[in-house]
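Below is one structure, written out as structure tokens, with a few remarks after it.
These values consider heavy atoms only, across backbone and side chains, with no hydrogens, waters or symmetry-generated copies. Only a predicted model underlies this, so the values are computations on that prediction, with no experimental measurement involved. Both counts, for ligands and for their atoms, begin at 1 and track the order of listing.
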Amino acid sequence: GKGKYPFYMEKEIMEQPDALRATMQSRVVNGKIDLSADGVPDEILKDCERVCVVACGTAMHAGLVAKALVQSKLGMHMNVEYASEFMYSDPVIDEKTLVLAISQSGETIDTLEALKYARKKGAKSVAVINVKGSSIARESDYVMYTVAGPEIAVASTKAYTTQLMALFLLVGRMAKVRGIFDDATEKAYLDSLTKAPDKMQEVLDQKHDIHKIAREMLDAKDAFMIGRGLDYSILLEGALKLKEISYIHTEAYASGELKHGTIALITENTPVVATVTQSKLKEKELSNIREVQSRGASVVVFVKEDFDLADAEYADVFELPAMEDEFMVFPASAALQLLAYYVSMDKGLDVDKPRNLAKVVTVE
Ligand code: M6R
């Protein structure tokens, strides 16, 4: 049941620190990443030349975060495709391709079909799945199960962050077997990853502050979420969450691209949410925020706590507990999930069962 919570979504948001720990637990042995319990052989992680994600919705957004990591840590090219588009794009797939199929339910037909297509072309596959024994799990060469427990709310929360955890572990192992991480680098990486549940908890403990921010958005017809790089990937998921349960039309936008057309839509009635969590992007993101402010938009900023915002004025500022930049997705996601949750709840909507949507999508 929902326990003390009014909706499953809130319960599932709150369960995330434990779900992250559980997903990590069996895969860290004597302080090292070990995927042998999953049966994922080191050879396929070592020998692949390309990595490709096929997934839908939230699971696809988890793939985008993994892409940033694969490119920065492994220096390898990676594609992330909507599963429904994958096979119609004549994807370049061969025996040297590692396909990652990511799915909470393991039953999404588009993801299943994309995986079958890739395997026919000779790709090796690892599926990241929450539901044991599901169709995608059975179709894939190897499976890493997320330990999120059942996710009932249509809007995915703990499935997403446990997918991220599994993917961070997979990329960490790849870096090790490819000789990119030595023991010390692996240890530092794991130390940061181990902190993710606690940093998320710090955000969850401040849920009332996020509730206050949500109250300012109830009347919005349209909203924007702007950022660059990993912030943009995080916001694509944040915007999907807000759209699907609050029915506010929300666009996540790469903030540097706004001035090439879309900024025409920004007025005083368009709330803008920005995340600022990446050192190398901070100054450019802040300047993009000033651009929308000068069109009258009120901007709420979710900022990594040790970044200095100088004395700029924002509608609201929420400080995210600091981690190494690439791990900031964990605390930032918790904040954006809570934002969507409270907007939906305060609008009196059915948070767990938004209109037109099903938890499992078995039509193409
Ligand atoms: O079960 P799956 O992870 O394969 O589902 C994929 C999407 O349908 C799913 O993530 C959807 O986008 C969620 N409702 C988002 O909250």
Side-chain angles (χ1 to χ4, degrees), residues 7-13 15-16 19 23 53-66 80-86 99-118 125-140 143-167 225 233-248 250 252 329 333-334 336-341 343-345 349-364:
F7 293 101
Y8 280 105
M9 184 178 177
E10 184 174 350
K11 174 173 180 269
E12 291 165 3
I13 288 173
E15 282 170 351
Q16 288 178 111
T23 300
V53 163
V54 294
C56 302
T58 292
M60 188 272 196
H61 295 151
L64 291 174
V65 174
V80 179
E81 307 270 351
Y82 287 124
S84 58
E85 288 290 315
F86 179 69
V99 167
L100 307 178
I102 310 171
S103 174
Q104 188 285 129
S105 62
E107 300 297 343
T108 302
I109 191 80
D110 284 318
T111 307
L112 178 63
E113 291 300 326
L115 171 63
K116 284 185 181 162
Y117 178 94
S125 55
V126 174
V128 176
I129 303 287
N130 196 43
V131 177
K132 288 252 160 77
S134 52
S135 305
I136 299 171
R138 280 184 278 123
E139 176 65 26
S140 181
V143 186
M144 287 179 77
Y145 283 108
T146 48
V147 192
E151 191 181 64
I152 310 291
V154 165
S156 183
T157 55
K158 60 179 181 170
Y160 170 67
T161 49
T162 54
Q163 283 160 359
L164 293 175
M165 176 57 82
L167 292 164
M225 293 197 176
S233 303
I234 295 169
L235 291 166
L236 281 165
E237 172 55 14
L240 176 61
K241 222 82 304 171
L242 191 61
K243 280 187 264 210
E244 76 175 326
I245 61 171
S246 79
Y247 313 148
I248 296 172
T250 311
V329 58
S333 299
L336 296 171
Q337 291 166 350
L338 286 167
L339 183 68
Y341 173 74
V343 172
S344 175
M345 190 177 83
L349 300 171
D350 188 348
V351 177
D352 287 338
K353 286 196 173 50
R355 69 187 180 206
N356 307 345
L357 292 170
K359 183 69 181 162
V360 182
V361 183
T362 52
V363 286
E364 285 184 69

Practice problem: Show the numbers, then the answer: is there a side-chain contact (heavy atoms from CB on, under 4.5 Å) between Leu167 and Val128? | Solution: CA-CA 8 Å; Leu167 292 164; Val128 176; 4.1 Å; yes
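- Between Met345 atom CE and Asp350 atom CG the span is 13.0 Å, to the nearest 0.5 Å.
- Residues of the protein with a heavy atom under 4.0 Å from ligand 1 are Cys56, Gly57, Thr58, Ala59, Ser103, Gln104, Ser105, Thr108, Val154, Ala155, Ser156, Leu240, Lys241, Glu244, listed by chain and number.
- In this structure, a donor-acceptor pair under 3.5 Å is absent between the side chains of Thr157 and Gln16.
- Taking CG of Leu235 as the reference point, atom CG of Leu240 lies at 12.5 Å (rounded to 0.5 Å).
- Checking side-chain atoms of Glu151 against main-chain N and O of Lys158 turns up a donor-acceptor pair under 3.5 Å.
- Considering Ile129, Ile102, Ile136, Val53 as possible partners of Thr111, the one that fulfils the side chain to side chain contact (heavy atoms under 4.5 Å, CB included) test is Ile136.
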